[in-house]
Amino acid sequence: MKLLQVFILIFSVLPLNTAHANDQLRQGIESWTGGYPAVVKSELILNKEILSNFYTQRNFKSAWFNREVLSSGGRALLKTINDIEREGLLPDDYHSRQILPLLTADLAAVDIASFDLLLSDAFLSLASHLQSGKVDPLTLSTEWEANRRHSDLQLLLQRVVDGSDVATALDSLRPKQSRYYRLKIALAKVEGLSNAPWQQKLAETPAIKLKAIDSRVTIIADRLRVWGDLPAFTLNNTLADSPDVYTDVVAQAVVVFQRRHGLDADGVIGRETIKALNISPKERAKQIVVNMERWRWLAQDLGDKHLLVNIAAFELKIIDNNETVLVKPVVVGRNYRKTPVFSNKIRYLVLNPTWTVPFKLAVEDKLAEIQKDPGYLNRLGMRVYRGDSTSPIDPFSIHWNEITKRNFPFRLVQGPGPQNALGQVKFMFPNPHDVYLHDTPSRELFKKAERAFSSGCIRVSDPLELAEYLLRDQGWDNSKIAAVIAKGETTTVSLKTPLPIHIEYWTGWVDREGILNFRNDIYERDQPLWQALNKPLSRVEL
């Protein structure tokens, strides 16, 4: 007889009343340690080690049943699982097909031991997912460091079984930030729009300008109404003599839409605006779900005061006691040199910094330029060092054509000055990615709506204002910073209180005014996460 069949018999041959449920639980759990599969009613038990310890410590007593009566905690757990799609999670991951019928079943004929195990396993999986996410981000990208939260889930299970409120216990595990709850509310609203007609993909060209006549305007106006950017009472036939005329009223709604999507808010319906208008509420709901999961990857406490970079929004914010006190546009890494996601603390600033060119950048980008013209180094104020030597080498003395990516023995260092790639200041939070915030001489890039142009580091608009903000409590003001920079000497200033920094990737959020924002998935991370979230946990096929 197959192992799985033997195991199923263990959970079926004994009488099904609570008098025998304890022994049934014991036999089943002991079978796991004996090598039998941890399978109950065709469902794989995912937390068998915790459950083995849990039931052994309670002498194999049922946790969710009192005789043939399902406990109030059990009913609360079932209700939570039934509604868990509101969190962007799958009920099936918590044995919903097997255990939800308990709400209406005749429990006198129920296999209490099996259902007790399923309920406990469901609680542990759900608690884990609410606390630290269903998906491990490292399985999707090595450029993503999560601060996943952890706690003693066996102890939490014991407390719930002992009488603690299930809903309260599970709620304590959810992200506490209001931005998570605002997304949850938005998910319900957007899912309510998911049946809106959106099949037709609008042509992305030509652009539609004010007063133009275009057959796409009617559909665009309809979509803007669905999203709430155009008041619902504004009917097509009241906008102009023809509903295909692009009027001022629709243009104002387009500007609102463009702002919510991080586009140039010029009222011109160009390619990027059409692309955003072509994305249906159903697709946007998926975008909200993946961003909710990203919140579950974060630490509970981001710091009363912290700096937050949203890579996908090309934006930096400083949050102080839940108030946004500084907002700056940033430039982030190109798609092939993505800015990584991680948390750290800004520990010091460097005024008039030097720039040591990262090895990868030196061999992949700079070497080809140098081989064409060694004078390239002098023009950019770069010195060449061999290994860790402190004595520079004359670049014209090197046979650059004999140097390859594999035998590159040099270190390139750019001195302070107007051409320095880091500009006048850099903000350091030492990390293995060698990523930091810095100034840039390429100011024109901040005028673009999408700003993925760097080699991984984050370039900040108005960096001296950020420096003054970080140093003001240490007696520095704009004039003192300017005086140091004017000297041209490299100067390091440590922060007395390091500032937490969180470099994140949000493609959807709701701001404090309740406005739902979306951004392009510049690193194409949303779809793989959506697929992982919707992949059922391991299930046994009989």
Side-chain angles (χ1 to χ4, degrees), residues 306-311 313-318 325-334 337-340 342 344-358 361-362 365-366 377 379-383 412-431 433-474 476-495 498-503:
H306 61 272
L307 188 152
L308 177 66
V309 174
N310 184 353
I311 297 169
F314 313 104
E315 186 176 71
L316 172 156
K317 290 183 178 180
I318 290 183
V325 296
L326 189 71
V327 181
K328 294 295 175 186
V330 298
V331 171
V332 300
R334 300 177 180 91
R337 286 203 179 129
K338 298 178 177 68
T339 297
F342 65 102
N344 208 299
K345 288 185 178 181
I346 299 177
R347 301 180 186 279
Y348 62 93
L349 283 65
V350 181
L351 303 175
N352 295 318
T354 60
W355 178 45
T356 300
V357 181
L361 186 62
D365 290 7
K366 300 300 181 184
L377 293 168
R379 287 196 303 275
L380 293 181
M382 286 189 180
R383 291 187 173 186
L412 307 181
V413 180
Q414 187 178 37
Q419 296 186 87
N420 187 282
L422 307 185
Q424 297 175 317
V425 58
K426 66 178 179 178
F427 307 82
M428 296 300 295
F429 36 102
N431 61 84
H433 308 286
D434 198 26
V435 164
Y436 40 87
L437 306 177
H438 64 84
D439 184 13
T440 176
S442 303
R443 306 278 180 170
E444 69 281 357
L445 296 178
F446 291 105
K447 297 177 182 179
K448 298 181 180 293
E450 288 205 351
R451 297 183 290 275
F453 301 109
S454 84
S455 296
C457 284
I458 301 160
R459 307 174 190 174
V460 185
S461 173
D462 300 322
L464 297 184
E465 183 179 349
L466 175 60
E468 191 275 334
Y469 179 87
L470 295 180
L471 295 174
R472 64 176 56 167
D473 293 339
Q474 297 179 206
W476 290 70
D477 58 15
N478 290 332
S479 60
K480 185 175 180 178
I481 293 172
V484 172
I485 290 174
K487 291 181 180 179
E489 298 176 359
T490 300
T491 303
T492 300
V493 187
S494 295
L495 295 182
L499 180 70
I501 176 172
H502 306 282
I503 303 175

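Since the structure is predicted, the reported quantities are computational estimates derived from the model, not experimental observations.
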Non-hydrogen side-chain atoms of Arg337 and Asp365 separated by less than 4.5 Å: yes
Drop me the distance from Leu499's CG to Phe429's CZ, to the nearest 0.5 angstrom. 10.5 Å
Can you tell me how far the CZ atom of Arg334 sits from the CZ atom of Phe453, to the nearest 0.5 Å? 8.5 Å
Start with the C-alpha gap between Leu471 and Leu349, add the side-chain angles, then the distance that decides, and say whether side chain to side chain contact (heavy atoms under 4.5 Å, CB included) holds. CA-CA 9 Å; Leu471 295 174; Leu349 283 65; 3.9 Å; yes
Donor-acceptor pair, distance only, cut-off 3.5 Å: does the side chain of Thr490 make one with the backbone of Asn352? yes
Min side-chain heavy-atom separation Ile311-Lys338 under 4.5 Å: no
Step-by-step side chain to side chain contact (heavy atoms under 4.5 Å, CB included) determination, Val484 to Trp476: CA-CA 11 Å; Val484 172; Trp476 290 70; 3.8 Å; yes
So do Leu437 and Ile501 actually touch side chain to side chain, heavy atoms under 4.5 Å? yes
Rounded distance (nearest 0.5 Å) linking atom CG of Leu495 with atom CE of Met428: 12.0 Å
Evaluate whether atom NZ of Lys487 has more than 12 neighbouring non-hydrogen atoms of other residues, nucleotides or ligands under 6.0 angstrom away. no
Closest non-hydrogen atom pair, Val435 against Pro340: CG2-CD, 3.7 Å
Heavy atoms of Ala449 and Phe314 approach each other most closely as O-CD1, 3.6 Å
State, with a plain yes or no, whether a side-chain heavy atom of Lys328 is found less than 4.5 Å away from one of Leu466. no
Taking Thr492 for the side chain and Val350 for the main chain, is one N or O donor matched with an acceptor at less than 3.5 Å? no
Taking all non-hydrogen atoms of both residues into account, name the closest pair between Pro500 and Lys345 and its distance. CA-CG, 3.9 Å
For the pair Thr491 (side chain) and Leu351 (backbone), establish whether a donor and an acceptor sit closer than 3.5 Å, ignoring hydrogens and angles. no
Note: Leu412 and Ala362 closest approach over all heavy atoms is CD1-CB, 4.1 Å
Pairs involving residues 443-453, ordered by first then second residue, that meet side-chain hydrogen bond (donor to acceptor under 3.5 Å, both in side chains) (sequence neighbours left out): Asp439-Arg443, Glu450-Asn520
How long is the span from the NZ atom in Lys426 to the CZ atom in Arg459, to the nearest 0.5 Å? 15.0 Å
To the nearest 0.5 angstrom, please state how far the CD1 atom of Ile346 sits from the CD1 atom of Ile318. 7.0 Å
Donor-acceptor contacts, no H, no angles, side chain residues 418-425, under 3.5 Å, sequence neighbours left out:
{"unit_1": "Gln419", "atom_1": "NE2", "unit_2": "Arg379", "atom_2": "O", "d": "2.7"}
{"unit_1": "Asn420", "atom_1": "OD1", "unit_2": "Leu422", "atom_2": "N", "d": "2.7"}
{"unit_1": "Asn420", "atom_1": "ND2", "unit_2": "Pro353", "atom_2": "O", "d": "3.1"}
{"unit_1": "Asn420", "atom_1": "ND2", "unit_2": "Gln414", "atom_2": "O", "d": "3.3"}
{"unit_1": "Asn420", "atom_1": "ND2", "unit_2": "Gly415", "atom_2": "O", "d": "2.9"}

Does Arg383, at its CZ atom, have more than 12 non-hydrogen atoms belonging to other residues, nucleotides or ligands within less than 6.0 Å? no
How far apart are the closest heavy atoms of Leu361 and Ser455, and which atoms are they? CD1-OG, 3.6 Å
Would Leu316 and Val460 count as a side chain to side chain contact (heavy atoms under 4.5 Å, CB included) if you check the C-alpha gap in whole Å, the side-chain angles of each, and the deciding distance to 0.1 Å? CA-CA 8 Å; Leu316 172 156; Val460 185; 4.2 Å; yes
Is any side-chain heavy atom of Ile458 closer than 4.5 Å to one of Phe427? no
Is there a side chain to side chain contact (heavy atoms under 4.5 Å, CB included) between Asn310 and Lys317 once you walk through the steps? CA-CA 8 Å; Asn310 184 353; Lys317 290 183 178 180; over 6 Å; no
Got a second to check how far Asn431's CG is from Phe342's CZ, nearest 0.5 Å? 3.5 Å
Residue list, side chain to side chain donor-acceptor pair (under 3.5 Å) with Ser479, at least two apart or on another chain: Asp477
